[in-house]
Amino acid sequence: MPEGDALHRAARRLQVLVGQELEVETPHPRAAVKQLAPRLDGKRLQSVEAIGKNLLLRFEGGLVLRSHLRMKGRWRVLARDAPLFGTPWLVLRGEEHAGVLWHGPILELDRGVALRLGPDILADPPDYDKMVERFRRAPADRQIGDALLDQRLVSGIGNVWKVESLWAERISPWRPLGDVSEDELRAVLAAAHELMRARLDGVPGRRHVYRRKGQMCRRCGAPIKSWPQGDGARMAYWCPQCQKGEGPPAA
């Protein structure tokens, strides 16, 4: 699933359309039925902003288009008259460029979803105080790995950066929040910010635990383990030897 850094990259690319009156098309039938093109066609795009895993496109007249990519969604910026392959969900044509969305399962005029999101992990600077405050209001027995994916607590972290930031700070994804100190929680959030910011800025890096089940931990040499976590059964990866805390109850 595209994570917060992917949305921030898309927002950067789409800046070339900001300030222009756009021609708007919704070729895909599932997008066309939402009647977005008649509402947005000919309107000026005022801003493009990534908040967590959501892309918000603000048009004149107070209209805000929200895009969430789920598993397969992709934004591309092409030359205005470049040929399009397949059936895009949305095409935004400006003077010289076109912003094109493929596989956009969530595409709608925003009705306040962004207001319910937690602070953006890629904000500059991140609001760690507000993040910690929200985590401390969550149930104390909730596992930290599960909580890091809750977009109401902190927005933008996905499964890759969840496990990588926990590995970086030597904390098991299975530890309950009540057993995680404020300093530890801040360190994990800071690690997620730094890892994702590096990815956003194109800094080369490698994954230490994600999808490395059975391979040796790059830090201590123990085999990496994996197990589904949370209601969504997202796969957690961790080193049972150097990440503090117990393992999953059923493993």
Side-chain angles (χ1 to χ4, degrees), residues 1-6 52-53 69-72 117-122 126 128-199 203-251:
M1 177 181 293
E3 303 196 19
D5 54 310
K53 298 183 180 183
L69 300 180
R70 289 280 177 91
M71 294 296 291
K72 298 181 178 179
L117 294 172
D120 188 351
I121 192 64
L122 281 172
Y128 294 125
D129 288 341
K130 187 173 291 185
M131 293 178 199
V132 170
E133 178 184 339
R134 292 195 177 208
F135 273 86
R136 286 310 183 212
R137 292 203 299 262
D141 61 350
R142 188 173 187 182
Q143 297 158 350
I144 185 172
D146 181 46
L148 285 170
L149 296 183
D150 190 337
Q151 302 299 297
R152 297 167 298 180
L153 305 181
V154 55
S155 60
I157 300 177
N159 210 40
V160 176
W161 304 119
K162 162 192 124 174
V163 298
E164 293 295 335
S165 60
L166 288 169
W167 182 87
E169 296 304 317
R170 299 172 179 260
I171 293 175
S172 169
W174 309 100
R175 281 177 62 181
L177 287 174
D179 185 44
V180 178
S181 71
E182 181 172 323
D183 287 345
E184 288 175 318
L185 182 54
R186 284 177 178 271
V188 170
L189 293 167
H193 172 80
E194 291 167 7
L195 289 166
M196 294 175 69
R197 174 59 63 179
R199 178 66 177 271
V203 178
R206 62 177 180 175
R207 295 170 181 172
H208 296 281
V209 285
Y210 183 69
R211 290 187 175 176
R212 296 193 67 243
K213 178 182 179 181
Q215 299 182 49
M216 291 192 305
C217 173
R218 301 189 196 278
R219 185 165 50 212
C220 72
I224 299 299
K225 288 191 175 183
S226 67
W227 195 260
Q229 184 173 40
D231 292 340
R234 302 294 300 280
M235 192 63 68
Y237 299 85
W238 80 105
C239 173
Q241 180 164 297
C242 66
Q243 287 181 256
K244 302 174 185 175
E246 60 189 42

- Task: State, to 0.1 Å, how close A187 and E169 come at their nearest heavy-atom pair, and which atoms those are.
- Result: CB-OE1, 3.4 Å
- Message: Test of understanding: with ring pair (Phe, Tyr, Trp, His ring centres under 6.0 Å), list the residues that count as partners of Y128, not counting sequence neighbours.
- Response: none
- Value rounded to 0.5 Å, distance of CH2 in W238 from CD in E164: 14.5 Å
- Message: With heavy-atom distances below 4.5 Å as the criterion, would you say the side chains of L153 and R142 are in contact?
- Response: yes
- Message: With a 6.0 Å cut-off (strictly less than), is the heavy-atom count around CE of M235, excluding the residue itself, greater than 12?
- Response: yes
- Message: Tell me the closest heavy-atom pair linking A236 and W174, and the distance in Å.
- Response: CB-CZ2, 3.9 Å
- Nearest heavy-atom approach of L122 to H193 is CA-ND1, 4.0 Å
- Task: Report yes if some heavy atom in the side chain of C239 is under 4.5 Å from a heavy atom in the side chain of R219; otherwise report no.
- Result: no
- CA sep, side-chain torsions, deciding dist, call: V180, V188, side chain to side chain contact (heavy atoms under 4.5 Å, CB included): CA-CA 10 Å; V180 178; V188 170; over 6 Å; no
- Task: Return the minimal non-hydrogen interatomic distance between M131 and D120, and the atom names on each side.
- Result: CE-O, 3.8 Å
- Could you tell me whether D150 and R134 make a salt bridge, using a distance below 4.0 angstrom between a side-chain N and a carboxylate O? no
- Which value, rounded to the nearest 0.5 Å, describes the distance between L149 atom CG and S155 atom OG? 12.5 Å
- Message: Tell me if a side-chain donor or acceptor on Q151 pairs with a main-chain N or O of G118 at a distance below 3.5 Å.
- Response: no
- Query: F135 versus L189: any side-chain heavy-atom pair under 4.5 Å?
  - Reply: yes
- Just how far is it from atom NZ of K162 to atom CG of L195, taken to the nearest 0.5 Å? 15.0 Å
- Are V163 and R207 close enough that some pair of their side-chain heavy atoms sits under 4.5 Å apart? no
- Query: Can you check whether C217 reaches Q241 side chain to side chain, under 4.5 Å on heavy atoms?
  - Reply: no
- Message: To the nearest 0.5 Å, what is the distance between CD on E194 and OG on S165?
- Response: 10.5 Å
- Task: Only counting residues at least two apart or in another chain, list the ones meeting salt bridge (Lys or Arg N to Asp or Glu O under 4.0 Å) with R175.
- Result: D179, E184
- Note on the structure: Taken to the nearest 0.5 Å, the spacing of R212 CZ from R206 CZ works out to 7.5 Å
- Item | Expected output: side-chain Q243 to main-chain R170 donor-acceptor under 3.5 Å | no
- Message: Can you tell me if R136 has over 12 outside heavy atoms packed within less than 6.0 Å of its CZ?
- Response: yes
- Determine yes or no for a side-chain-to-main-chain donor-acceptor pair under 3.5 angstrom, with Q229 supplying the side chain and P173 the backbone. yes
- Task: Determine, step by step, whether W161 and R199 satisfy the side chain to side chain contact (heavy atoms under 4.5 Å, CB included) criterion, reporting the C-alpha distance in whole Å, the side-chain angles of both residues, the deciding distance to 0.1 Å, and the verdict.
- Result: CA-CA 10 Å; W161 304 119; R199 178 66 177 271; 3.8 Å; yes
- Message: Please report the interatomic distance CH2(W167) to CZ(R218), rounded to the nearest 0.5 Å.
- Response: 8.0 Å
